[in-house]
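Everything numeric in this text was worked out from a predicted model, so none of it was measured. Along the sequence shown, the residues carry numbers beginning at 1.
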Amino acid sequence: QSRRSWIEDTFCKRECAGIGICLSFASIPLTPRCCCGRLVGEHTLLETGPSMSSWPGPGTGQQEEWSVECHTQTSATDAYGTIDFQDSAGRNCHAKYVRVAVDAKAEALLQLMRSEWQMERPKLLLTVHGGTENFPLPLKVRQAFSKGLITAAQSTGAWILTDGINTGVSRYVGEAVKKYGTHDLRKRNAVGVTPWGVIDNHSDLIGRDVLRPYQPLGNPLSKRVCLNGLHSHFLLVDDGTLGKHGCQLGLRRKLERHIQLQKIHPRLNQGVPVVCVVVEGGPDIVSMVLEYVSSVPPMPVFVFEGSGRAADLLAFLHKQTALTWENHPILAHFYLYKTQITIFDSESEDQQEADCAILTATLKGTKTSPGEQLSTALAWDRADIAKKHILVYGQHWQVGSLEQAMLDALVMDRVGFVKLLIDNGMTMNRFLTVSRLEELYNTQQGPTDNFLHLLVEDVKQTHIPKGYRVSLIDVGQVIEYLIGGAYRSTYTRKHFRAHYNLLYAHCKCSNWLAASLLSPLSLQERSIALRDLKVAQQQSSELGDSPLFVYNFNDLFVWAVLQRRQQMALFLWQHGEEAMARATVACKLYRAMAYEFQQSNMDDTTAEQLKTYSMDFGQLAVDVLDRAFRQNERMAMKLLTSEMEAWSHFTCLQMAVSSRLRPFVSHSCTQMLLTDLWTGRLNMRKNSWFKIILSILMPPAILLLEFKSQAEMSHVPQSQEALQFGWDTGRPEAAQEGGHTVVKVPKCTPYTSLPECQSFQFLRLYDFYTAPVVKFWFHTMSYLAFLMLFSYTVLVKMEDRPSTQEWLVIAYIISTAVEKTREVFMSVPRKPSQKLKVWFGEYWNVTDFLAIVLFLVGLGLRWDSGSYRTAGRITYCLDIIFWYVRVLDLLAVNQHAGAYLTMITKMTSNMFYIVVMMAIVLLSFGVSRKAILSPDEALSWSLLRDVVNQPYWMMFGEVYAGEIDTCAGDTPCVPGAFLTPFLQAVYLFFQYIIMVNILIAFFNNIYFDMKSISNKLWKYNRYRYIMTYQEKPWLPPPLIILSHMTLCVTAIYRKHRGLSEQERDSCGLKLYLGQEDLKRLHEFEERCLMSYFHEKNQDVLCSQINRVRATAERAEEMGVVMGEVSDRVHFIQDTLQVLDSQLGQLQDLSALAVDTLTLLSASDSLQQEEARLGHCRPITPSRHHVPHSWTLPHGGGGSVDIMPCHTPRAYRSTPPSLMISLVFLKNVAMLVEIDCFCFGCIQKHAIASLIPIFPVVSWSLAVGEEVSVYSLEEVEVAGPESSISSWSSQGLSAVLQPLSSEGCLDGGLRRATLVLCTWAERDVLRVGCVYVVKAIQPDVVRTWQRVFHSDTPLQLCLREIQQQRAAQKLMHVFNQVKPENMPHSPRFLDMSLLHWHSDGQWLTIERNMTGDFRKYNNNTGEEIAPCCGMEETLLAFSHWTYQYSCRELLVLDLQGVGSELTDPSVIRAEDKRYSDDMVFGPSNLGDAAIHSFVIKHTCNSCCENLGLAGERKDPFRPPLL
């Protein structure tokens, strides 16, 4: 309601008060018309205005000039809402609209468009001007305009302003939107600024906040225009006039200037650029262009050359030089702004794309600095424009301008510009500072859900106020929270905190000194404070702008991930080092963020999107690993375990496991590395378990085993213990030669006793016992022995004092507890709570903790001599279950058993909800059964057992058949006992048949799902097994206590030596590389990354979709070229025909010259002969008659039998030009008859060649009767946009020769005769063509004489021609609106009025049709059964005319040859009631014909394509009297 009130309070409409009379309309006294374009009776204020008698007459003149300000009044707008455009193709488009006054404020219009219509902020305004009438565009120009305009608009987020009508250039804009645009209303910003008074059926749009259907098909007889249905918004400008164009231009210009003042982006200070696009146009376009380019600030103009009229004129003037224009003041003034005008020639081969040309012209036309142009291109997100025209070689840039552009590009998420700036020398080491990175994290651009603030709240465990500025320390804590485990961010370390606090301490000091300067101080104190302020600001600037980050791309990459800017993150991932590690980090962060979204009950769509992002980066990590593995296996393995200083000293493999990136861990490269880690330095392929067990039992056999060399183990990381024993491959203390670690290994045999060999043998023993696979078998053998002893302890009688076996069990479990404690405290996390959280996150650690605690409880109870000992023994019996289940973890090491164990784990974890539902069913039956059978039961623990005992066993088939009927036997029945069998039956049905089978089906589904991925899951879990035994001491419990003592001594020693933070971070299974090795590793990874992207780009280029797209583009280009070639071929053919005609004329002229000379010679000879004969004898004159073929018949000599006219008309017997020809021909004939011997050498064609000197073409032109032809022409009225049909003022002469006098062509209303045109004036008829002359039947004329008392045949002929012209116009509109799947385009012949001079008859004439003449329906509504597409199209045309004219007109009596039609009947219902107002011919049968058509017409497929099917079933209702 507030929205409606705001629109109605802000915008108005204008209505004419009906005061002035326009002289041009006042010439018809019966229908006086106001200057606003309305009739006097149509004004709403007619009651208060002057009477009809007071309106001035045709000759009185205008007393007061009509104006909008004086003669219109305003009121609240009554037309706004949504237009639902509907056309015959079934396409629906919606558009917002509002009716506004011509003096509306531009600020209010912009607020309406931005706030109410929710249009996006414009970054460019494309105002399109051109012709308002329909005009043809060349194919290339049309394609360039359509594609260029829409591409420029969509790529920059521009608004398009047009007139919004369905004709002229606005229609081409709509077609461009349809072909290249989007259907999203928020993205389709095509705004039409249209005059309200010229819109056809604008009364249908009146309504407040309504949805109005609108048919964008205009009436061909109407002077108004329709709205284009492909525009998204309409501003309907109302100045109180009707049918007058141009009132919208002023408001449109104001709106353009106001939009130009708006900011292009909140971060940028530039205004919105405006560019005028010119296509075709009239004289007013030239003045408008001059106004645009001369405005302040100037607006550039972009002209499409080749579109016609004004556009071509501007292109021609643009090519001229200043010397050409110096004598023309207007052109000279125009030349001053030549640089503001850009001409686009689509025919030029070196012309760039139209969209690029438009945007380039916009940038150059604004005359701004390069920095402002770069900001504008940045707002458009058109990096290609900036690359070609802004960031060019030789361009000078101010210090810091590119850094600000980089910051804007990052904030605005412009990936292309970030890449462009990096390519142009922008270095991240100088750009990225603490202050800028914090500004990026606190930007308001991007996601609007403030998810980062929510994560900060979760980390701080407190609520942060609105507007809180996130610091980098907060970001570091968020990263640690998301990654979890032992990860420590760079932003939370001591050195960064110290630098950060120092930076902001200087900032606070600067603020305090600045505030002290404002307080009253002495001059000396003020100077000291000012000096301290300068020093503090300088130090703060140095600290804030100093490059703090070593891996700058890593920090930006993490920022892009946390801000959920996936495209920016993908781009930044490609730059910098450790790409594979960054991919795993992004995978982990996205996965953790998705989990937080789900836990916070936020948008599920965003959570799924984050999961997709995580999978994308995970796949990138796998692809890079695969590429590296295919190039170099050992280098790829080094990438997995090399220490990453920038990522909390983690390894890539550790991060992948933390991210649960199973495809990465199950990759062949990772598995090969895990295999090398599992076997250690042992080199065994077959029967490894047998050799290991034998070596454990017989230690001397160790020296017989094979071990791997140092080179073979160079890619395998070593533990800290291995480093201490001299196998360090990366410590700085190790001897290095040429950047490589060198370890000298002596050549020894097992029996050598040299000191070096003894040391080497000792290392062999160490390598054997520290191998994880050896540890596994050693611990497994010890564990199996422990289980045997524990089983013996619980199976035999427990004595007062523990036996030896029990003491061994106690020692094993206590030493295991010590080992578990060591695992907790030696884990990587820093805080004890975090250590416990990570440790208890493992399932088997929980079971071990329960087993140890339960055993210690049992151990404490067994020392009692009383009943507690029994409890302790029972506790032992229960505790051994946990230790036996622990064996399953040992089986998980095996590939086959581990897969099944994974399935069991998955089934157990997913069956929770089904088990809960089964428990609910069980309790519902158990409680009711127990309550019925035991009504007097007392409270006890056995009550709960009895409730669930028997119902539980019933699930497994034990139904207790003997207890089903409790009343059987001598036992007395309790009340309600008869219900228990029924309850048991229902319970067994649901529990045993339904729930148990659902559980089985659920397990079966899990089995098949897990079977396909069980191998990958086992490979993923294999890392945990290997790391477990890699970190375990080699001695098993209870001997493991010796290892613990050794570790304690080592820890004390290292503590005494002092352990730095970096060394503590380096603890773990990692590969330590020197600087040279690390550099080579990064170079290798970079090469792999480049190779990966190269292969990916090749795959994209060679993909099927890309090939199809490229083929389609080439086919489209070839289609354009073929069209041009076809046009050129037609042009050449026409040129050759003209040339042939001219050559023929030259040949005829040469023959004529020869014949003329011969004729003159013969004439002289004849005169000499007559003179000679005159002297000899007297000459008797003889009469030479002109042959009948040269005479014009008079009277009734014609072959056309036509009724005489009532009033004979005066006519000219013979055209003057024809008379000259006839006189000449008579003279020639007389010369021929005088003396034939004189012309024996002259041929007939030579005489005929004399005739082309005159208007007559050949001898046969003089054959026939003279007639006058009057044509119906289109005359423009009230401007070029509207026209009416008018008869030509003068007829043109022709000569027709009748060909037949039979009545075979006669019809019920007309009589027809075939004639041949032998001569015509001004090509009104084609010479040599056969025409049909039609006359009205005499009885029809006699019938209509009571209506038309004089000139009845003339009146009937005029209405026949008008009827065919109306049908012709309707057919023209029909061919334009019909869908493309209706290929046939029928048309009606042109009909003209004919005056036969010999009889004074008024007839009609049209071209004769040859072929199979068919009639498709008649004027009574009967129609044929269609058998082809043409017949269906014609019958659908009749149906369409009825619906298109709002059931006022109906075209019937369709007949003709093929697609050419003639003699239609236009049915109009009013003609039957008002017989004296016949508009069309006498074949109009009125309501009866319409009613008959509605009943008899059968809709076909063409009717369905036009959207007409079903509409004819509405009953016909004649109009009210």
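- Between Met568 and Trp559, the shortest heavy-atom contact is CG-CZ3, 4.2 Å.
- With salt bridges taken as basic N to acidic carboxylate O contacts below 4.0 Å, one links Arg1024 and Glu842.
- Ring pair Phe496/Tyr491 is tilted by interplanar angle, where 30° to 60° counts as tilted.
- For the residue pair Thr670 and Arg1022, no side-chain donor N or O sits within less than 3.5 Å of a side-chain acceptor on the partner.
- Applying the 6.0 Å contact sphere to CZ of Arg497 captures more than 12 heavy atoms from other residues, nucleotides or ligands.
- Inspection of the Ser666 and Gln671 side chains reveals no N or O donor paired with an N or O acceptor under 3.5 Å.
- Looking at Asp423 and Lys387, no side-chain N of the basic residue comes within less than 4.0 Å of a carboxylate O on the acidic one, giving no salt bridge.
- For Lys708, the NZ atom counts as densely surrounded, since its 6.0 Å shell holds more than 12 non-hydrogen atoms of other residues, nucleotides or ligands.
- Around the NZ atom of Lys691, the shell of radius 6.0 Å holds more than 12 heavy atoms that belong to other residues, nucleotides or ligands.
- Taking the six-membered ring where tryptophan is involved, the planes of His667 and Phe629 are perpendicular, since the angle between them exceeds 60° and thus also 30°.
- More than 12 heavy atoms of other shown residues, nucleotides or ligands fall within 6.0 angstrom of atom CD in Glu1083.
- Note on ring orientation: taking the six-membered ring where Trp is involved, the planes of Phe650 and Tyr487 are perpendicular (angle over 60°, cut-offs 30° and 60°).
- For the pair Phe768 and Ile692, the tightest heavy-atom approach, listed with the atom from each and the gap, is CZ-O, 4.0 Å.
- Cation-pi geometry between Arg681 and Phe707 is not met at under 6.0 angstrom from the ring centre and within 45 degrees of the axis.
- Counting non-hydrogen atoms of other residues, nucleotides and ligands closer than 6.0 Å to CE of Met615 gives a total of 12 or fewer.
- In summary, Asp1077 and Arg1080 engage in a salt bridge, as defined by a charged side-chain N under 4.0 Å from a carboxylate O.
- Between Tyr769 and Lys775, the shortest heavy-atom distance links the atoms O-CG, 3.6 Å.
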